[in-house]
Amino acid sequence: MECIFCRIIAGEVPADIVYQDSELLAFRDIHPQAPTHILIMPKGHIASLTELTRKEQALMGRLILLAKELAEKEGVAAKGYRLSVSCGADGGQLVPHVHFHLLGGRKLDDQLG
Ligand code: AMP
Ligand code: ZN
């Protein structure tokens, strides 16, 4: 298995897991860009946003609601946070397994890029 996130999902590589169920996994980013920096992803391997289909519609909805709940748990919801996804080379996606970044706990830059 080459995908680092699939290896984390399989339990082969350690991670600081903050949530998991049968379909979703969330763990802390190894190089945090903010006091709260959590990666949230489907457990099934989907390379990027461009690979998503209607089949994943409900799953991705659940993922966004999970992000909202984790932001509350982390105590960043009141002051605000960012949920972002990189897609493909120009989008700066490094790991080809679709994931959302939940960033909070500091004032984030105005620029997205
Ligand atoms: P991107 O694909 O650009 O959205 O970014 C991938 C993110 O995954 C980066 O923020 C990395 O710091 C993070 N990352 C890569 N490997 C690991 C790992 N083994 N555990 C936790 N986070 C990781
Ligand atoms: Zn994967």
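Given the structure is predicted, the values throughout are model-derived calculations rather than measurements. Both counts, for ligands and for their atoms, begin at 1 and track the order of listing.
- Side-chain atoms of Lys43 come within 3.5 Å of backbone N or O of Asp21 as a donor-acceptor pair.
- Close approach to His31 involves these atoms of ligand 1, each under 4.0 Å from a residue heavy atom: 12 (O).
- The atom of His97 that is an N, O or S and sits closest to the Zn ion (ligand 2) is ND1.
- Each of Leu39, Ile9, Ile4, Ile8 was compared with His97 under the side chain to side chain contact (heavy atoms under 4.5 Å, CB included) criterion, and only Ile9 meets it.
- The two residues Ala34 and Leu103 come nearest to each other via the heavy atoms CB-CD2, 4.1 Å.
- Inclusion of His99 in the set of residues having an N or O under 3.5 Å from an N or O of ligand 1 is warranted.
- At a heavy-atom distance under 4.0 Å, only backbone atoms of Arg28 (N, CA, C or O) approach ligand 1.
- Contacts between Phe100 and ligand 1, counted as non-hydrogen atom pairs separated by less than 4.0 Å, are absent for every part of the residue.
- Counting heavy atoms under 4.0 Å from ligand 1, residue Val85 does not touch it at all.
- The shortest heavy-atom contact between Phe27 and Ile17 is CB-CA, 3.8 Å.
- A donor-acceptor pair is defined here as one N or O able to donate and one able to accept, closer than 3.5 Å; no such pair exists between the side chain of Arg82 and the backbone of His101.
- Without hydrogens or angle criteria, Glu74 side chain to Gly105 main chain gives no donor-acceptor distance under 3.5 Å.
- Counting protein heavy atoms only, atom 2 (O) of ligand 1 is closest to Leu94 N, 2.6 Å.
- In terms of polar-atom proximity, Ile4 is not counted as a contact of ligand 1, lacking any N or O under 3.5 Å from an N or O of the ligand.
- Ligand 1 lies out of reach of Val13, whose nearest heavy atom is not under 4.0 Å from it.
- Residue Leu39 has at least one heavy-atom neighbour below 4.0 Å for each of these atoms of ligand 1: 8 (O), 13 (C), 22 (N).
- The shortest N or O to N or O distance between Ile8 and ligand 1 is not below 3.5 Å.
- Remark: among candidates Asp16, Val95, Asp29, the nearest residue to atom 12 (O) of ligand 1 is Asp29, based on non-hydrogen atoms.
- At least one N/O-N/O distance between Gly92 and ligand 1 falls below 3.5 Å.
- In terms of heavy atoms, Ser86 sits closest to Gly92 at CB-C, 3.9 Å.
- Taking every heavy atom of Ser86 and a limit of under 4.0 angstrom, the matching atoms of ligand 1 come to 4 (O).
- Here the Zn ion (ligand 2) is the vertex; the ND1 atom in His45 and the SG atom in Cys3 give an angle of 110° (to 10°).
- The main-chain N or O of Ser48 is never found under 3.5 Å from a side-chain atom of Glu51 such that the two would form a donor-acceptor pair.
- Taking each heavy atom of Met41 and Val98 in turn, the nearest pair found is CB-O, 3.2 Å.
- In the hydrophobic cluster analysis, where Ile, Leu, Val, Met, Phe, Trp and Tyr join through side-chain heavy atoms closer than 4.5 angstrom, Val13 is grouped apart from Val18.
- Of the protein's heavy atoms, Ile30 CG2, 3.8 Å lies nearest to atom 17 (C) of ligand 1.
- For ligand 1, the atoms sitting less than 4.0 Å from at least one non-hydrogen atom of His101 are 1 (P), 4 (O), 5 (O), 7 (C), 10 (O), numbered in the order shown with element in parentheses.
- Counting atoms of ligand 1 from 1 in the listed order, those under 4.0 Å from a heavy atom of Gln93 are 2 (O), 3 (O).
- Taking every non-hydrogen atom of Phe5 and a distance limit under 4.0 Å, the qualifying atoms of ligand 1 come out as 8 (O).
- Heavy-atom contacts from other residues, nucleotides or ligands closer than 6.0 Å to CG of Asp16 number more than 12.
- Of all heavy-atom pairs spanning Ala47 and Gln93, the tightest one is O-NE2, 3.0 Å.
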